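Remember, it's a predicted structure, so these values are computed and weren't measured experimentally. The analysis underlying the following values was restricted to heavy atoms, covering all of them including side chains, and did not include hydrogens, waters or symmetry mates. Remember, it's 1-based here, ligands and their atoms both numbered in the order they're listed.
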Amino acid sequence: MTISTSMPGSGPQRIKLAPSILSADFGRLGEQVVEADQAGADYIHVDVMDGRFVPNLTIGPVVVEGIRPATKLPLDVHMMVVEPERLVGDFAKAGADHLIVQAEACTHLHRVLQQIHEVGCRAGVAINPGTSLSVIEEVLPLLDVVLVMSVNPGFGGQKLIPETVAKVARMRRILDEGGYSAELQVDGGVNEATARDMVDAGATVLVAGSAVFNDKETVAEAMDRLRASLEA
Ligand code: DX5
Ligand code: ZN
């Protein structure tokens, strides 16, 4: 789904929603991806965790391959792994469209981003709450996506860290002043109470896990509520 909101000084912005399947029912993952697609998702966000960069252990290339036939939407693969360069080829082959690596996990960040482009994917970098935006300064021209983490990565259902709203606004300024067209994603604790603040700060893609996949409502109802919170 794409929402238009007016942002002061910058005209209408297209806001994209990327449901994170981390909170989905893994017993019927394909169906949940279809539900998100039909509810108007723009991307399907796939959280890859290796039990080393973050304590949790989740999805590998086989699962990406498994959900690939369920949707034509871009698969937005967030690699919370050490040495992501070892897995870039496998995820690309499995059907990933966007590969987002964690800045903290890359010794040779520039090289990894080149590698992602070489395998035909869009390249992104995620930045943890405790990491300065300056770590990506030198690679901005290579980036299709900047992901500002609004929680410490590893688990769904955490509370958004309030200081990250101002961080998103600072990142927005850096992108605008440099004339960079990278999408600005936020991930973690995004729900109907926080989404609007992130959009006002300049985010263009909202990742949401537990706000979209939960046992209180259908995926379509949840997506509608998130959309409504942006339009309010
Ligand atoms: C956190 C993951 C997120 C997570 C978000 O480490 O990167 O994508 O699924 O979950 P919520 O939206 O529940 O905070
Ligand atoms: Zn994520």
Side-chain angles (χ1 to χ4, degrees), residues 15-26 29 32-33 35-36 39 41-60 63-64 67 73-82 84 87 91 96-105 121-131 144-165 167-168 183-199 203-217 219 221-223 225-227 229-230:
I15 305 304
K16 292 178 175 159
L17 295 187
S20 160
I21 57 170
L22 184 63
S23 294
D25 179 349
F26 275 54
L29 200 49
Q32 294 253 275
V33 168
E35 286 170 40
D42 293 282
Y43 304 149
I44 301 296
H45 186 82
V46 180
D47 285 308
V48 175
M49 303 184 185
D50 66 350
R52 289 186 63 202
F53 181 72
V54 290
N56 213 351
L57 187 59
T58 60
I59 291 169
V63 176
V64 169
I67 60 172
L73 292 175
L75 297 180
D76 188 53
V77 176
H78 179 190
M79 302 175 72
M80 287 161 274
V81 305
V82 298
L87 292 167
F91 277 108
D97 298 281
H98 308 166
L99 289 176
I100 301 171
V101 294
Q102 288 279 159
E104 304 81 4
C121 292
R122 299 181 78 212
V125 175
I127 307 160
N128 278 345
T131 302
D144 302 299
V145 178
V146 175
L147 171 48
V148 175
M149 288 303 298
S150 36
V151 297
N152 287 298
F155 302 94
Q158 301 182 76
K159 201 172 167 309
L160 183 142
I161 297 169
E163 291 76 16
T164 60
V165 178
K167 192 178 185 185
V168 169
E183 291 189 322
L184 179 45
Q185 289 197 8
V186 292
D187 184 5
V190 174
N191 55 39
E192 62 183 330
T194 57
R196 181 69 209 214
D197 285 348
M198 283 304 193
V199 169
T204 55
V205 182
L206 302 175
V207 175
S210 50
V212 170
F213 297 103
N214 58 65
D215 49 19
K216 292 198 291 281
E217 57 201 343
V219 171
E221 285 164 352
M223 295 271 292
R225 280 199 306 123
L226 204 50
R227 177 192 304 135
S229 78
L230 296 181

Colleague: Taking all heavy atoms of A203 and all of L206, pick out the closest pair and write down the distance.
Modeller: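 Taking every non-hydrogen atom into account, CB-CD2, 4.3 Å.
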Colleague: What N, O or S atom of H78 is found closest to the Zn ion (ligand 2)?
Modeller: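 The atom in question is ND1.
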Colleague: Could you pull out the atom name of the N/O/S atom in D47 that is nearest the Zn ion (ligand 2)?
Modeller: OD1
Colleague: Test L73 against Y43 for side-chain contact (heavy atoms from CB on, under 4.5 Å), laying out the working first.
Modeller: CA-CA 6 Å; L73 292 175; Y43 304 149; 5.9 Å; no
Colleague: With the side chain counted from C-beta on, respond yes when F53 and M79 share a heavy-atom pair under 4.5 Å apart, and no when they do not.
Modeller: no
Colleague: For ligand 1, what are the residues with a heavy-atom contact below 4.0 Å?
Modeller: S20, L22, H45, D47, M49, H78, M80, M149, P153, G154, F155, G156, G157, D187, G188, G189, V207, A208, G209, S210
Colleague: Less than 4.5 Å apart, any side-chain heavy atom of V207 and any of H78?
Modeller: no
Colleague: What do the steps show when you test I21 against I59 for side-chain contact (heavy atoms from CB on, under 4.5 Å), and what is the final call?
Modeller: CA-CA 10 Å; I21 57 170; I59 291 169; 3.9 Å; yes
Colleague: Write the atom name of the N, O or S atom in D187 that is nearest the Zn ion (ligand 2).
Modeller: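 Result: OD2.
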Colleague: Side-chain donor-acceptor pair under 3.5 Å between D197 and T194, yes or no?
Modeller: no
Colleague: Among side-chain atoms of T58 and D47, is any donor-acceptor pair under 3.5 angstrom?
Modeller: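 No.
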Colleague: With respect to the Zn ion (ligand 2), what is the nearest N, O or S atom of H45?
Modeller: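 Looking only at N, O and S atoms of H45, the one nearest the Zn ion (ligand 2) is named NE2.
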Colleague: Do you see a donor-acceptor pair shorter than 3.5 Å between the side chains of Q102 and N128?
Modeller: yes
